[in-house]
Undergrad: 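Right, I'll just put the structure down here and ask away after.
The figures that follow rest on heavy atoms only: side chains count, while hydrogens, waters and symmetry mates do not. Everything numeric here is computed off the predicted structure, so don't read it as measured data. Lettering follows sequence order; numbering is per chain, from 1.
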Number of protein chains: 4
Amino acid sequence: MKDDLQKSRSSTGAVRSEASHQAIIEAARTLLSEKGYAGFSIDGVARMAGASKPTIYRWWANKAQLIAEVYEVESARAIHIPEEMAVSQRFSLLLTTLWELWNNTPCGVAFRSFIAESQNNKENMELLRDQFMQRRFALPREILETAVRRKELPADTDIEMMLVMSFGFCWFHLLTDNLEKTEAIAPFVQHLFTAVPRKLRDGTETAP
Amino acid sequence: MKDDLQKSRSSTGAVRSEASHQAIIEAARTLLSEKGYAGFSIDGVARMAGASKPTIYRWWANKAQLIAEVYEVESARAIHIPEEMAVSQRFSLLLTTLWELWNNTPCGVAFRSFIAESQNNKENMELLRDQFMQRRFALPREILETAVRRKELPADTDIEMMLVMSFGFCWFHLLTDNLEKTEAIAPFVQHLFTAVPRKLRDGTETAP
Amino acid sequence: MKDDLQKSRSSTGAVRSEASHQAIIEAARTLLSEKGYAGFSIDGVARMAGASKPTIYRWWANKAQLIAEVYEVESARAIHIPEEMAVSQRFSLLLTTLWELWNNTPCGVAFRSFIAESQNNKENMELLRDQFMQRRFALPREILETAVRRKELPADTDIEMMLVMSFGFCWFHLLTDNLEKTEAIAPFVQHLFTAVPRKLRDGTETAP
Amino acid sequence: MKDDLQKSRSSTGAVRSEASHQAIIEAARTLLSEKGYAGFSIDGVARMAGASKPTIYRWWANKAQLIAEVYEVESARAIHIPEEMAVSQRFSLLLTTLWELWNNTPCGVAFRSFIAESQNNKENMELLRDQFMQRRFALPREILETAVRRKELPADTDIEMMLVMSFGFCWFHLLTDNLEKTEAIAPFVQHLFTAVPRKLRDGTETAP
DNA sequence: ATATAAACGAGACGGTACGTCGGGTCTTTTT
DNA sequence: AAAAAGACCCGACGTACCGTCTCGTTTATAT
């Protein structure tokens, strides 16, 4: 949308202020990391960003979506998982990197907040499930698919089940504020790849 | 007077009204199941229960603790998992029963709400992690320990890891409103028991 | 029959605890003088007195009446106005003494609080007007009546008007927190006695 | 952004809703006159006005100030005291008119309530004494000053003392719910002007 | 001496209001 | 057209008091 609007700048009036956009995201980031979920409010973001609430609501439908964008922006720096490693090592590295991200940036609070916020609202729940999580799944899914292609994993590996199990494991630690236990990752991954889950014979996958 | 003039004349004071207690729990239950987490408020509970807010706050520190009690009351009817079944079947049955409980009673909303609410507040987070979840772990832990005793599972089975993996898997479905996919349980359990996670050689367990 | 038997075995029961009575009055006094009207509550009195709220309500119908008793107890030490002085001097001394009492004891706050509280409630209003104030009027009325008897004042002096004018003048200073201006008393009294108000010819008095 | 990125893009914001303002004042007026001081609450006003409590608190610091505005609005219709009358007649007419206002409009309850409420709070006390009462004094003060100018009253008339005495007299009747005794006004005024209070020789006035 | 009846403390209770916060919408003005 | 400013309604928050109501415990009196 941003691009389109800017392109048609014949005489359609003012365009979205990128400065405001950045200020809002930055304020949201700061508020989340300093005050946590409990201290996060749209009012607070507007105050800190020097923006007005309507401006925020014009671009984000609600708190959850603003938080989601904070997460996405903050986690945008590409995670590089070297291709020459074995799949279990790649996966392990991915999870470790993820936990570090959650521990050391506002991403951890943002993710927890987004999950919590999504429980309020059917629309946000769908956003979380069908879009946000699908983007989170992309990289690990690619790693697993690559492994299948390379024959490191069986052709009928139930990749979706592996994703759900992995994120379930991570969410549990995230949502019980237990992310420091990074030593739990290795045994988990080891188990996961010891006997890779397979798709059911009828071909249906087992998880979302 | 407090100190010298009197001092005798003591009493234990009036006793908690069980009627109020029940009315409040029942109202909370109803509100959760009819309006969901978004429509749940202490004001609403007070209104519906015909109780006063101070009475609620006298006995529950906050929303989270009231919700937790709703869960515990509602889930109190004993779950019986026949002893003569194999451990993987017992575990599978437990998870299925749990999902049914979450699907068909206010327990599902209550659990989701309690998790969400706990993200607000360090105190509730600890309550969730150190007390509430330990009570949830009791039955599955016992099933696994029994299996170890019966030599169905190796002596060094990492039971805590299995618990975290299992609840992680369940939470993920719960928190993405995906509990209808009960057919995902079987493959999960199958994988879990295909290669049971073992404790590390140094004897430390791998999870919480 | 049974009733008769039971009736004959009756008693008057326990008697009012003077210790509690004293403790409550003392706590009320302290609370009023330390926290003022805004910080005065029956809960607070009960707490400080080590008494229970029902005990307070058993003996005083409401806040106002408790405050009134505090005033009466506190102001009980007899005020002596020498008889050999002229009436205007006696009156002036009385008012000065009164303002000192209000300034240096909880009486000032108590009186203000009692007046304020009486605005809430018809019953207390009548108490204030018909009983409490009549007791306050007693001494000045006596001084004026004595003066009439001694022929210092005309026989048709409108004593009630003088009382109302005097207390009106004092109330205004009390209720605007302006009691330090004691130098205003002398000119007031001087004016009051310069041309003493007389009763109307038809004999009816002019004030309450 | 607040500081550097932006700073232009400003505006004065939306303007106070006169409709809300009127609705709130009107509701306060109605509540006072129907339920009296005891039945007057900010919650009640909000409810009746269809306004929100924050809107009320945005414009009035507390109950007292809202009540004060009700009084001022309600008493705004100019009181006309014909200039050609003698000062004592003008004064008498003023007081009679005032008592009628208090008796026949919510002004009476509002004044009583404002006085009572001001006893709670130092800030409101000052408001009452230094602003509200000064506005009430304006008209009678002007009448007396005019009389001095016209030489109806001596040059050294202690006008402030006369004001305090007059309002003290009126307050006493107001605060003891005794305003029906309008026949008390005439003798009071007669006495007041029979021997007008004079300023002390040193030039200081005697009252506030 | 012993029953009785009232008073007592403790404190829970329903109610009402307090003053504040946040959510999301609307209006006005400025750019 | 977009934005800042900020007013608005709504409704919830957690707390304070009010006055009433159990409770079980003294305690003075009247048998």
Side-chain angles (χ1 to χ4, degrees), chain A residues 5 9 11-17 19-20 40-44 46 49-59 61-63 120, chain B residues 2 6-17 19-21 40-44 46 49-59 61-63, chain C residues 6-17 19-21 40-44 46-47 49-59 61-63, chain D residues 6-17 19-21 39-44 46 49-59 61-63:
Chain A
L5 275 173
R9 59 188 282 82
S11 70
T12 53
V15 101
R16 178 175 188 180
S17 157
S20 280
F40 182 86
S41 71
I42 297 288
D43 272 286
S52 70
K53 288 205 287 174
T55 300
I56 298 180
Y57 281 105
R58 186 173 304 114
W59 300 108
N62 49 48
K63 261 209 292 193
N120 273 314
Chain B
K2 193 148 205 171
Q6 198 124 338
K7 177 170 284 178
S8 39
R9 299 259 193 190
S10 71
S11 98
T12 54
V15 96
R16 181 175 188 177
S17 156
S20 274
H21 186 170
F40 182 87
S41 71
I42 297 288
D43 269 292
S52 69
K53 285 203 289 174
T55 297
I56 298 180
Y57 282 106
R58 188 175 303 119
W59 300 109
N62 48 49
K63 270 206 284 191
Chain C
Q6 296 227 339
K7 201 167 234 169
S8 64
R9 297 184 66 74
S10 68
S11 96
T12 57
V15 97
R16 180 177 189 177
S17 156
S20 278
H21 184 171
F40 182 86
S41 71
I42 297 288
D43 272 286
R47 214 152 34 229
S52 71
K53 287 204 289 173
T55 298
I56 298 180
Y57 281 105
R58 187 173 303 116
W59 301 109
N62 50 47
K63 264 209 290 191
Chain D
Q6 198 126 335
K7 175 169 289 178
S8 37
R9 300 265 189 189
S10 70
S11 101
T12 56
V15 96
R16 180 175 189 178
S17 156
S20 276
H21 185 171
F40 182 87
S41 71
I42 297 289
D43 269 290
S52 69
K53 286 203 288 174
T55 297
I56 298 180
Y57 282 105
R58 188 176 302 118
W59 301 108
N62 48 50
K63 270 207 282 192

Undergrad: Determine the minimum heavy-atom distance between A:S52 and A:A46, stating which atoms define it.
TA: C-CB, 4.3 Å

Undergrad: From E:dC8, F:dA7, F:dA3, pick the nucleotide closest to the side chain of C:R58?
TA: E:dC8

Undergrad: Go through F:dG14, E:dT25, E:dT20 for me and flag the one nearest to the D:P54 side chain.
TA: E:dT20

Undergrad: Minimum heavy-atom separation for C:Y57 and C:N62, please, with both atom names.
TA: CE2-CA, 4.4 Å

Undergrad: Checking contacts here: which listed nucleotide (E:dG23, E:dA17, F:dC18) is nearest the side-chain heavy atoms of A:K63?
TA: E:dG23

Undergrad: Figure out the CG/C1' separation between B:D43 and E:dA17, and round it to whole Å.
TA: 12 Å

Undergrad: Between E:dG23, F:dA12, E:dG19, spot the one nearest the side chain of D:Y57, thanks.
TA: E:dG19

Undergrad: What does A:G44 touch in the nucleic acid at a heavy-atom separation under 4.0 angstrom: a base, only the sugar-phosphate, or nothing?
TA: nothing

Undergrad: Would you please confirm or rule out a distance under 4.0 Å between OP1 or OP2 of F:dC9 and any side-chain N or O of D:T55?
TA: yes

Undergrad: Among the nucleotides F:dG19, E:dC8, F:dC9, which one has an atom lying closest to any side-chain atom of C:R16?
TA: E:dC8

Undergrad: Pick the nucleotide of DNA chain E nearest each of A:N62 and D:F40; which residue has the one closer to the 5' end?
TA: D:F40

Undergrad: Can you see if the side chain of D:W59 gets near the phosphate of F:dC8 - specifically, an N or O under 4.0 Å from OP1 or OP2?
TA: yes

Undergrad: Over how many whole Å does the gap from C:K53 atom NZ to F:dC23 atom P extend?
TA: 18 Å

Undergrad: For DNA chain E, whose closest nucleotide is more 5', that of D:A61 or that of B:S20?
TA: B:S20

Undergrad: Can you work out whether D:V15 or B:G13 has the more 5'-proximal nearest nucleotide on DNA chain F?
TA: D:V15

Undergrad: Could you check how far CD1 of A:I42 sits from P of E:dG24, rounded to whole Å?
TA: 7 Å

Undergrad: Using the test side chain to side chain donor-acceptor pair (under 3.5 Å), find all partners of A:N120 that sit at least two apart in sequence or belong to another chain.
TA: none

Undergrad: Over all heavy atoms of both residues, which pair between A:G44 and A:S41 is shortest? Give the atoms and the distance, please.
TA: N-OG, 2.9 Å

Undergrad: Which nucleotide in the list F:dC17, E:dG22, E:dA12 gets nearest to the side chain of B:A14?
TA: E:dA12

Undergrad: How many whole angstroms separate atom CD1 of D:I56 from atom C1' of E:dC18?
TA: 12 Å

Undergrad: So if I take every side-chain heavy atom of D:S52 and compare against F:dG6, F:dC9, F:dT20, which nucleotide ends up nearest?
TA: F:dC9

Undergrad: Base, sugar-phosphate, or nothing: which does B:A46 touch, judged by heavy atoms less than 4.0 Å apart?
TA: nothing

Undergrad: Taking salt bridge (charged side-chain N to carboxylate O under 4.0 Å, His left out) as the test, write out the residues that go with D:K63, two or more places apart.
TA: none

